[in-house]
Amino acid sequence: MNDTLKNHATLAEKFNRDIPRVDWHDKTLWFVREKRDKAANQIPDWEKLRETASQIKNNVLSNLHDYLVEFENNAQQNGITVHWASTPKEHNEIVHRIIQQHGVEHIVKSKSMLTEECGLNEYLEHQGIEVVDTDLGERIVQLAGEPPSHIVLPCIHWKKEEIGELFHQHLGTPKGNADPQFLTSAARAHLREHFLHSKVAITGVNFAVAETGEFVVCTNEGNADLGVQLADVHIACMGIEKIIPQRKHLGIFLRLLARSATGQPITTYSSHFQKPRAGQEMHIVLVDNGRSERLGSEDFRNALKCIRCGACFNTCPVYRRSGGHSYHTAVAGPIGSILAPALDMEKNADLPFASTLCGSCTNVCPVKIDIHDQLYKWRQVLVKNGHVTRGKKFSMMSMRFLLSHSSLYNFSGTLGRWVMRNLPSLVNNKFNPWYKQREMPQAPAQSFRSWYLKNKQHGK
Amino acid sequence: MGSREKILAAVKTNQPPLSPLPSNWQGSKHTTNLKEQFIQTVTNIGGLVIEVNSVEEIIPAVKDKFPETTRIVNLLESPKPTGASLGDPHEFENVTIAIMQGQLGVAENGAVWLTDKQMGDRVLPYICENLVLVMKSTEIVPTLHEAYERIGSSDYGLGTFLAGPSKTADIEQSLVLGAHGPKSLMVYLLP
Ligand code: SF4
């Protein structure tokens, strides 16, 4: 891998310089994770729900062709125009063309990770179109000139005092006012103007139902709804994997989504768009961008089951302590780390290594994606394809050799414990990345194996 | 070959062998009092439930709650919004209270289902400052599964589950009610 490229370890190191801030970030996300646990524990059928959701998604992947055609048919009959885009560029051009046809220069957009993936904002701004993100968190990072750092909580890395200062500069709020209630109402007034004056509104899609041709958009703020109901044109952008077979399946997914995301029983708004209102135009852009290819990979296709709840972010010890921007991709966290290498192996070769493989992500995932297994499999693919640094490759190969030769493994353990006790500076140095922001623990005198053998003999 | 054909062809080639849909959802039995659970959940998510005996009680009660109200749109008697020429949703910008019917409520999550048939104008439940929903307590179901059973294959332009007032916690996870939509939500329950 080219070390001059953006790299998780280096970016995380930057984030880690401010220790109290890292602790705060860590705690805030853990708080969300705990809310998720509480919500999940209140549902006696939780595990059965996850299993059912997983099976429905498996069925979707195995029958995606027919579901897409069925969805397209029904959506068209409902009066919705359906577009198909193979690449981000094509997606952006389709959206731009629709906007141009209406001679519009300002548009509003609610949260859509797909448009982030496609770089839509940048593209449109290049064409002279102003895009206003209307989700409060997204508007905050947009004003700051940053991408979101979390798919559900875009500005989770911002402190309220900093947001107060940002609003003071951009919205003219009094300097020093950092009250969330006050700042939210300032944003409400500011964005209301944009809602009232935008003729085109873009939204994402949480679920698209093949059986009915409708699509569902979930928000808490109501920004998606306000945007599209005041606009003449609604453009909804979605990846082709967002299809579900039947309307009644929404019962399964909507019970899981918000509880997994924030611990709420459901988002405030779960809007089912089936037909445009009289006089309104409704468009759907179906985007591939590598998804159809990934579908052919037995090891990695499961990542397409993702419903973008963010639970794997909140639980991940690496994400919580390294921040979303250290992942340098639109979708960060554990799921981002298995999605990104498929899009660009060289640029994202570092991401599958940004994990402890603890498996917590897999345990919370509402659609049961084997996230940590995929992280591990990506590491192997990346090493095989020469996308890791020589140092990492050498240590991985040595580990493999060591792990397959047990007597050597036992000896090296004895050696390692001796070194850590007698020559700690040999491991506690700047050449060992594990030593960064950490002290190496005191090594025990004995390995677990010899302790176990000894105690077994003692009949314990 | 256009993108549509290209994508569909690639999907067809790459999709794995058919994996069957799971059998119909069979959840655990619900033993709780649905009305109580619904009232509790709506309260937890920042809304308010008020039980009344007849529709006639609602308007005076609402006016009592919001003495400062300047513009009420009441859709209970007629599905056409009063006091506005239909057509331009922007005309509802200054509505302080909108009152409309809810079709059914979900005890487990406090959501109320309604469609554009009850909304008058699609923008109303989102643009008004305070939203009042009216429904029968006999229309409360335990979970979303039963809700979708009721909704069935009914036809609508827009349908929505509405749960509590509009909210955000984007600033340091502090919950603020009234992000872009209504700042308050009340559900009047009829027997
Ligand atoms: S991978 Fe699973 S836990 Fe992570 S965002 Fe997707 S659905 Fe949620």
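A, B, ... follow the sequence lines: proteins, then strands. Residue 1 opens every chain. Because the structure is predicted, anything quoted here is derived from the model rather than measured.
Residue contact with chain B, scored on non-hydrogen atoms closer than 4.5 Å, involves the side chain of A:Ile43 exclusively. Only the side chain of A:Lys35 has a heavy atom closer than 4.5 Å to any heavy atom of chain B. Contact annotation for A:Leu191: only side-chain heavy atoms (C-beta onward) come within less than 4.5 Å of a heavy atom of chain B. Contact annotation for A:Gln246: only side-chain heavy atoms (C-beta onward) come within less than 4.5 Å of a heavy atom of chain B. With a threshold of 4.5 angstrom between heavy atoms, B:Asn24 approaches chain A through side-chain atoms but not through N, CA, C or O. Of the atoms belonging to B:Tyr126, heavy atoms from both backbone and side chain fall under 4.5 Å from chain A. Within the 4.5 angstrom heavy-atom criterion, only side-chain atoms of A:Val32, from C-beta onward, approach chain B. For B:Leu175, no part lies under 4.5 angstrom from a heavy atom of chain A. Neither the backbone nor the side chain of A:Ser185 comes within contact range of chain B; no heavy atom of the residue lies under 4.5 Å from a heavy atom of that chain. Contact of B:Glu5 with chain A is not made at all, since no heavy-atom distance falls under 4.5 Å. Looking at B:Thr115, neither its backbone nor its side chain comes within 4.5 Å of chain A, counting heavy atoms on both sides. Heavy atoms closer than 4.5 Å to chain A are found in both the backbone and the side chain of B:Pro16. B:Pro182 touches chain A through backbone and side chain together, each having a heavy atom under 4.5 Å away. Within the 4.5 angstrom heavy-atom criterion, only side-chain atoms of B:Ile45, from C-beta onward, approach chain A. Residue contact with chain B, scored on non-hydrogen atoms closer than 4.5 Å, is absent for A:Arg294. Looking at A:Glu298, there are no atoms closer than 4.5 Å to chain B (heavy atoms on both sides), in backbone or side chain.
Residues A:Leu153 and B:Gln173 approach most closely at CD2-NE2, 3.6 Å, considering heavy atoms. Summarising the geometry of A:Thr52 relative to B:Pro22, their closest heavy-atom pair is CG2-CG, 3.8 Å, with the distance given to 0.1 Å. Contact record, B:Asp170 with A:Gly137: OD2-N, 2.7 Å, taken as the closest heavy-atom pair. Nearest approach of B:Ala179 to A:Thr184, heavy atoms of both residues: CA-CG2, 4.4 Å. Residues B:Gln15 and A:Leu61 approach most closely at CB-O, 3.3 Å, considering heavy atoms. In this structure, A:Ser62 and B:Pro17 approach most closely via the heavy-atom pair CB-O, 3.4 Å.
For the set B:Gly159, B:Ala10, B:Pro165, the count of heavy-atom pairs under 4.5 angstrom toward chain A peaks at B:Gly159. Among the candidates A:Leu250, A:Ile163, A:Ile156, the residue making the largest number of heavy-atom pairs closer than 4.5 Å to chain B is A:Leu250. Between chain B and the options A:Ala258, A:Pro245, A:Pro180, A:Ala187, heavy-atom pairs under 4.5 Å are most frequent for A:Pro180. Listed options B:Pro89, B:Gly110, B:Gly47 were ranked by heavy-atom pairs under 4.5 angstrom with chain A; first place goes to B:Pro89. Ranking A:Thr28, A:Asn223, A:Leu196 against chain B, the residue ahead of the rest is A:Leu196, based on heavy-atom pairs under 4.5 Å.
Using a 4.5 Å cut-off on side-chain heavy atoms (C-beta onward), A:Phe182 and B:Val176 make no contact. At least one side-chain heavy atom of A:Arg255 sits under 4.5 Å from a side-chain heavy atom of B:His145. Residues B:His90 and A:His197 form no side-chain contact, since every pair of their non-hydrogen atoms from C-beta on lies 4.5 Å or further apart.
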| For A:Lys275 and B:Asp155, what are the C-alpha separation, side-chain angles and deciding distance, and is it a salt bridge (Lys or Arg N to Asp or Glu O under 4.0 Å)? | CA-CA 10 Å; A:Lys275 290 172 199 157; B:Asp155 203 33; 2.7 Å; yes
| request: I would like to know whether B:Ile127 and A:Gln229 meet side chain to side chain contact (heavy atoms under 4.5 Å, CB included); could you show each step before the answer? | output: CA-CA 9 Å; B:Ile127 205 167; A:Gln229 299 314 348; over 6 Å; no
| said: Using side chain to side chain contact (heavy atoms under 4.5 Å, CB included), reason through B:Ile171 and A:Ile140 one step at a time and then give a plain yes or no. | reply: CA-CA 9 Å; B:Ile171 302 180; A:Ile140 290 168; 4.1 Å; yes
| field | Candidate pair B:Glu146 and A:Lys248, rule salt bridge (Lys or Arg N to Asp or Glu O under 4.0 Å), full reasoning | value | CA-CA 9 Å; B:Glu146 293 81 11; A:Lys248 70 169 188 223; over 6 Å; no
| For B:Leu21 and A:Gln55, what are the C-alpha separation, side-chain angles and deciding distance, and is it a side chain to side chain contact (heavy atoms under 4.5 Å, CB included)? | CA-CA 6 Å; B:Leu21 272 176; A:Gln55 286 178 19; over 6 Å; no
| request: Go through the steps to decide whether A:Cys155 and B:Glu172 satisfy the test side chain to side chain contact (heavy atoms under 4.5 Å, CB included), and finish with yes or no. | output: CA-CA 8 Å; A:Cys155 68; B:Glu172 279 201 22; over 6 Å; no
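Taking the six-membered ring wherever Trp is involved, the centroid distance between the rings of A:Tyr269 and B:Phe161 does not fall below 6.0 Å.
Around CD of A:Glu70, the count of heavy atoms belonging to other residues, nucleotides or ligands within 6.0 Å exceeds 12. Within a 6.0 Å radius of NZ in B:Lys65, no more than 12 heavy atoms belonging to other residues, nucleotides or ligands are found. Residue A:Lys48 qualifies as enclosed at atom NZ: its count of foreign heavy atoms under 6.0 Å is above 12. In A:Lys199, the NZ atom is not crowded: 12 or fewer heavy atoms of neighbouring residues, nucleotides or ligands sit closer than 6.0 Å.
Using a 30° and 60° split on the angle between ring planes, A:His272 and B:Tyr156 fall in the perpendicular class, above 60°.
If you take CG on A:Leu230 and CG on B:Asp121, they are separated by 8.5 Å, rounding to the nearest 0.5 Å. For the atom pair A:Ser292 OG and B:Ile7 CD1, the distance stands at 7.0 Å (nearest 0.5 Å). The CD1 atom of B:Ile151 sits 11.0 Å away from the OG1 atom of A:Thr212 when rounded to the nearest 0.5 Å. Taken to the nearest 0.5 Å, the CG atom of B:Leu162 stands 7.5 Å off from the OG atom of A:Ser271.
Side chains of B:Ser19 and A:Asn59: a donor-acceptor N/O pair is absent below 3.5 angstrom, by distance only. A:His83 and B:Arg4 are not linked by any side-chain donor-acceptor pair at a separation below 3.5 angstrom, with hydrogens and angles left out of the test. Looking only at atom types and distance, the side chain of A:Glu221 has a donor-acceptor partner in the side chain of B:Thr168 under 3.5 Å away.
With hydrogens and angles ignored, the 3.5 Å screen pairs a side-chain donor or acceptor of A:Arg192 with a backbone N or O of B:His180. Remark: side-chain polar atoms of A:Asp45 are not paired, donor with acceptor, to backbone N or O of B:Gly27 under 3.5 angstrom. Between the A:Arg188 side chain and the B:Gly181 main chain, a donor and an acceptor come within less than 3.5 Å of each other. Side-chain atoms of A:Arg247 come within 3.5 Å of backbone atoms of B:Ser154 as a donor-acceptor pair (strictly under, hydrogens ignored). Between the side chain of B:Thr160 and the main chain of A:Ser270, a donor-acceptor pair closer than 3.5 Å is present.
Between A:Glu90 and B:Lys6 there is no salt bridge, since none of the side-chain N atoms of the basic residue sits less than 4.0 Å from a carboxylate O of the acidic one.
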